[in-house]
Amino acid sequence: MTRTTLRTHRCGALRTEHIGQRVRLGGWVNRRRDLGGIVFLDLRDRDGIVQVAVGPGWASADTLALAQTAASEAVLTVEGEVVARPTAMRNAELATGDVEVHATSLKVVGPAETPAIPVARGKGEELPAEELRLKYRHLDLRRPELQANLILRHRLLQRARRALSELDFLEIETPILTKPTPEGARDYLVPSRVHAGECYALPQSPQIYKQLLMVSGFDRYFQIARCFRDEDLRFDRQPEFSQIDIEASFVTQEDVIGFVEHVLVALWDEAGHTIPRSFARLTWREALERYGTDKPDLRYDFPIVDWTTQVQPLAVPFFQNTTNGSRVRGIAVRGGGTLSRKDVDQLTATAKTHGAPGLAWVKRQGEQLSGSVGKHFTAEALGRLGVGDGDVALITVGPDRVTSPALDKVRQEVIRRLAPAPKLAHAFCWVVDFPLFEPDPETGKPVFAHHPFTAPHPEDVRKLDSEPFACRALHYDAVYNGHELGSGSIRITDPAVQRTVFRHLGLAPAEIEARFGFLLTALAAGAPPHGGFAVGFDRTAMLIAGAGSLRDVIAFPKTTAARALFEGAPAPARPEDLAALHIKVVP
RNA sequence: GGGGCUGUAGCUCAGCUGGUUAGAGUGCCGGUCUGUCACACCGGAGGUCGCGGGUUCGAGCCCCGUCAGCCCCGCCA
């Protein structure tokens, strides 16, 4: 199957079953070992590495001379015979290590200059700086690790397509040149040459299009959708990324959750992991209460607990400012007695950098109590907090919006330092019942927590105006080991409700018609109940591959400053191009 | 927009309290070598100490600014 005019096999595919065959190979010189009379070349392709031996018993003097000068990373074609290695010469570290190829002829078809960064690395040798790896991406991508990541990514994509096709979903493409959105992330704009002063926007997601497809009756849609958001980046955020985008009609939240579980289980299966269904489920409120985050890592315990009433009688000064909704919350760290004073100090620093006033702590070793608030406690009082012998309690105080994120970070840090065995290797869960609104950090006014097409929970619709923050949404997130894999919702299908929601966003009626008229018109044309989901595919691939960054599962990623170091994008536009686009750059 | 870390040979790094001619490993070049697999051994070349300014008798090292990469906060409906 891999045979072409120029080669018969891939290098990395040769095994003992090929012994005796004459083969032609093509590959890159991974390493050369020149012993004088005999030369060994490690030839590499995407399947792996095979040793090519060039010796006087079978190769001409010219071939031997050529092998002696073959440069690292040059492309060679090799013709020769697959032979068994003598027992003592086998290499158990190579998949092809029981055989080698005795080359009878050899050709440098792609000479190579000395590579700017090494492809073949010695054991324990560090990777080149990421800046160089991105600049010389064509070399970095030759590394077996990155090849494996991209090959896995391919298989995951194919598996997602297959899984969804089996569920009768149709793959339909939507535009890349689309319309700016009023809310959410900043758009990448594409100026129109034909229409002076007008712009397309690259989609942040195909949200409206997939809803239109439901209105059109396609029933079940999916797409591996490229999405673009002009926001600052992180190790797990790139300006352009791929989503497994799903939408289905005549569904409830349970149907969508079922579809998504089916896809996720298939993806993990593709990587050899068997994931039981159904996934754990907790409400957004529970998640924040117990873990301080809407994407809890359920591989580990160490839940956050409310100790406000238990510590009240102890008259600890630090815990006294429990006015207007503040609570005393903390984590009973089982086995936390092994945390050093320095560990606790660093945990305190973590809590403070995330807004907490500080971190009180009590450690119990036998009857011995120690820690910043140790003198206020008795063993019995600690027992009421669930803190036993050898444990430590980490405690803070404040309103939930302060203590939740701080204790989330503290919990993560505790897990990192204690490195307990996880209860599960793959902890999936659904977080449901998200709030429809959240307070604007500046004004305190309600703003949409998800996107403005998310349907309110039917039980809470009457609270839309009176108690907006008590209003739940039909919005759900899939979470894996503390990472958000994606989110989805049931959509608003009543154009009147959709108009009300836009008004809540502060949009004037004329603006609503201008921006979303096409959606409202569609909803009024007979819209089936529908909902969907989007899986962040790059992030999923990163997690399944065990990669440390999105950049390791994307062939040509951007830096954290959104630059492409390989091709050098973005680049200054030529004046004539700007003129054609009716653009003047203001310095 | 803010904070932190890093930047010295092609690559990975060391460089003491500011003090002689900036080192190592690897790669590269030349040589020896017929069973290596990070081959071994001998020899050699290779430096804008990110960039700009300042302090100092003297700066890789101290100060200010700046650029780049990475990580974090804000941001990411």
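This one's a predicted model, so the numbers in the text were calculated from it and none came from an experiment. Within every chain, numbering begins at 1; the chains are lettered A, B, ... in the order of the sequence lines, protein sequences first and strands thereafter.
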| field | Close approaches to RNA chain B from residues 26-52 of chain A, in residue order (heavy atom, under 4.0 Å) | value | A:Arg31, A:Arg33, A:Asp34, A:Leu35, A:Gly36, A:Gly37, A:Ile38, A:Phe40, A:Gln51
| said: Give me the distance, rounded to whole Å, that separates B:A45 from B:C29 when you measure between the C1' atoms they each carry. | reply: 7 Å
| What integer number of Å spans the P atoms of B:U8 and B:C13? | 9 Å
| query | Between A:Ser72 and A:Glu438, which is nearer to the 5' end of RNA chain B once each is assigned its nearest nucleotide? | reply | A:Ser72
| message | With a 4.0 Å cut-off on N to O distance, would you call A:Glu567 and A:Arg137 a salt bridge? | response | no
| Interatomic distance, A:Leu202 CG vs B:C76 C1' [rounded to whole Å] | 16 Å
I'd like a table of atom pairs between the protein and nucleotides 2-4 of chain B - only N or O on both sides, under 3.5 Å - with the distance next to each one.
none

| message | Quick one about A:Asp465 and A:His504 (side-chain donor to acceptor, distance below 3.5 Å, no hydrogens or angles considered), yes or no? | response | yes
| note | With sequence neighbours left out, the residues meeting side-chain hydrogen bond (donor to acceptor under 3.5 Å, both in side chains) with A:Asp408 are A:Gln412
| field | Spacing of A:Leu550 atom CG relative to B:C76 atom C1', expressed in whole Å | value | 13 Å
| Side-chain donor-acceptor pair under 3.5 Å between A:Gln51 and A:Arg33, yes or no? | yes
| Rounded to the nearest Å, what distance is computed from the CD atom of residue A:Glu125 to the P atom of nucleotide B:A24? | 18 Å
| Flag, side chain of A:Arg491 to backbone of A:Phe453, donor-acceptor distance under 3.5 Å | no
| message | Are there over 12 heavy-atom neighbours, none belonging to A:Arg46, within less than 6.0 Å of that residue's CZ? | response | no
| base_contact_polar (B:C37 base, A:Arg85 side chain, donor-acceptor, <3.5 Å) | yes
For nucleotides 70-75 of chain B, print each protein N/O atom paired with a nucleotide N/O atom at under 3.5 Å, atom names and distance only.
unit_1, atom_1, unit_2, atom_2, d
B:C70, OP1, A:Thr560, N, 3.3
B:C70, OP2, A:Thr560, N, 2.7
B:C70, OP2, A:Thr560, OG1, 2.3
B:C70, O3', A:Arg551, NH2, 3.0
B:C71, OP1, A:Arg551, NH2, 3.0
B:C71, OP2, A:Arg551, NH1, 3.4
B:C73, OP2, A:Arg234, NE, 3.2
B:G74, N7, A:Arg234, NH2, 2.9
B:G74, O6, A:Arg234, NH1, 3.1
B:G74, O6, A:Arg234, NH2, 3.3
B:G74, N1, A:Asp232, OD2, 2.6
B:G74, N2, A:Asp232, OD2, 3.1
B:C75, O2', A:Glu231, OE1, 2.6
B:C75, O2, A:Arg237, NH2, 3.1
B:C75, N3, A:Arg237, NH1, 3.3
B:C75, N3, A:Arg237, NH2, 2.8
B:C75, N4, A:Arg234, NH2, 3.3
B:C75, N4, A:Arg237, NH1, 3.2

| field | For A:Asp345, all residues meeting salt bridge (charged side-chain N to carboxylate O under 4.0 Å, His left out), sequence neighbours excluded | value | A:Arg341
| Atom pair distance, as rounded to whole Å: CD in A:Glu73 and C1' in B:C28 | 14 Å
| request: Not counting sequence neighbours, which residues clear ring pair (Phe, Tyr, Trp, His ring centres under 6.0 Å) with A:Tyr209? List them please. | output: none
| remark: Across all chains, not counting sequence neighbours, the side-chain hydrogen bond (donor to acceptor under 3.5 Å, both in side chains) partners of A:Asp62 are none
| request: Run through A:Thr293, A:Val431, A:Asp236, A:Asp477 and flag the one making a side chain to side chain contact (heavy atoms under 4.5 Å, CB included) with A:Glu484. | output: A:Asp477
| said: Taking B:G60 as the reference, what is the distance to B:G7 when you measure between their P atoms (whole Å, please)? | reply: 15 Å
| note | 5'-most contact on RNA chain B (nearest-nucleotide basis), A:Gly57 vs A:Leu132, goes to A:Leu132
| request: Check whether the ring centres of A:Phe448 and A:Phe437 lie less than 6.0 Å apart, and answer yes or no. | output: yes
| request: Can you tell me the distance, in whole Å, between the CZ atom of A:Phe448 and the P atom of B:C76? | output: 16 Å
| request: Begin with the C-alpha distance, continue with both residues' side-chain angles, and end with the deciding distance and a verdict on ring-ring contact (aromatic ring centres under 6.0 Å, His included) for A:Tyr480 and A:Trp430. | output: CA-CA 9 Å; A:Tyr480 169 76; A:Trp430 289 102; over 10 Å; no
| For atom OH of A:Tyr136 and atom P of B:G69, their distance in whole Å | 15 Å
| request: Decide whether A:Thr560 and A:Arg234 meet the rule of one side-chain donor and one side-chain acceptor closer than 3.5 Å. | output: no
| request: Can you sort out which residues in residues 494-504 of chain A have a heavy atom within less than 4.0 Å of RNA chain B? Ascending by number, please. | output: none
| Whole-angstrom distance between B:U32 and B:A24, as gauged at atom P | 25 Å
| query | Between the side chains of A:Thr174 and A:Gln223, is a donor N or O closer than 3.5 angstrom to an acceptor N or O? | reply | yes
| query | Got a sec, which residues hit ring pair (Phe, Tyr, Trp, His ring centres under 6.0 Å) with A:Phe502, two or more places apart in sequence or on another chain? | reply | A:Phe516
| task | Give one of base, sugar-phosphate or nothing for A:Ala120, where a contact means two heavy atoms less than 4.0 Å apart. | result | nothing
| task | Return the nucleotide paired to B:U12: Watson-Crick means purine N1 to pyrimidine N3 with N6-O4 or O6-N4, wobble means G-U with N1-O2 and O6-N3, both under 3.5 Å. | result | B:A24
| Per A:Trp58 side chain, nearest of listed nucleotides B:U12, B:C76, B:G35 | B:G35
| request: Could you give the distance separating B:G4 and B:C41 at their C1' atoms, to the nearest angstrom? | output: 47 Å
| field | Which residues share a side-chain hydrogen bond (donor to acceptor under 3.5 Å, both in side chains) with A:Thr403, sequence neighbours left out | value | A:Arg329
| task | Return the value, rounded to whole Å, for the distance between atom CE of A:Met89 and atom P of B:C39. | result | 16 Å
| task | May I have the distance from A:Glu126 (atom CD) to B:A38 (atom C1'), rounded to whole angstrom? | result | 15 Å
| message | I'd like to know whether NZ of A:Lys135 has more than 12 heavy-atom contacts from other residues, nucleotides or ligands below 6.0 angstrom. | response | no
| task | Would you mind telling me which of B:G27, B:A38, B:C76 lies closest to the side-chain atoms of A:Arg229? | result | B:C76
| task | Considering only atom C1', compute the distance from B:G27 to B:C71 and round it to an integer number of Å. | result | 30 Å
| Stretch residues 92-100 of chain A: residues that reach within less than 4.0 Å of RNA chain B through a heavy atom | A:Glu100
| query | Who is the Watson-Crick or G-U wobble partner of B:G43, with both distances under 3.5 Å? | reply | B:C29
| said: According to side-chain hydrogen bond (donor to acceptor under 3.5 Å, both in side chains), who are the partners of A:His9, at least two apart in sequence or on a separate chain? | reply: none
| query | Which value, in whole Å, describes the distance between the P atoms of nucleotides B:U26 and B:G43? | reply | 13 Å
| request: Using the C1' atoms only, state how far B:G50 lies from B:A68, rounded to an integer number of Å. | output: 8 Å
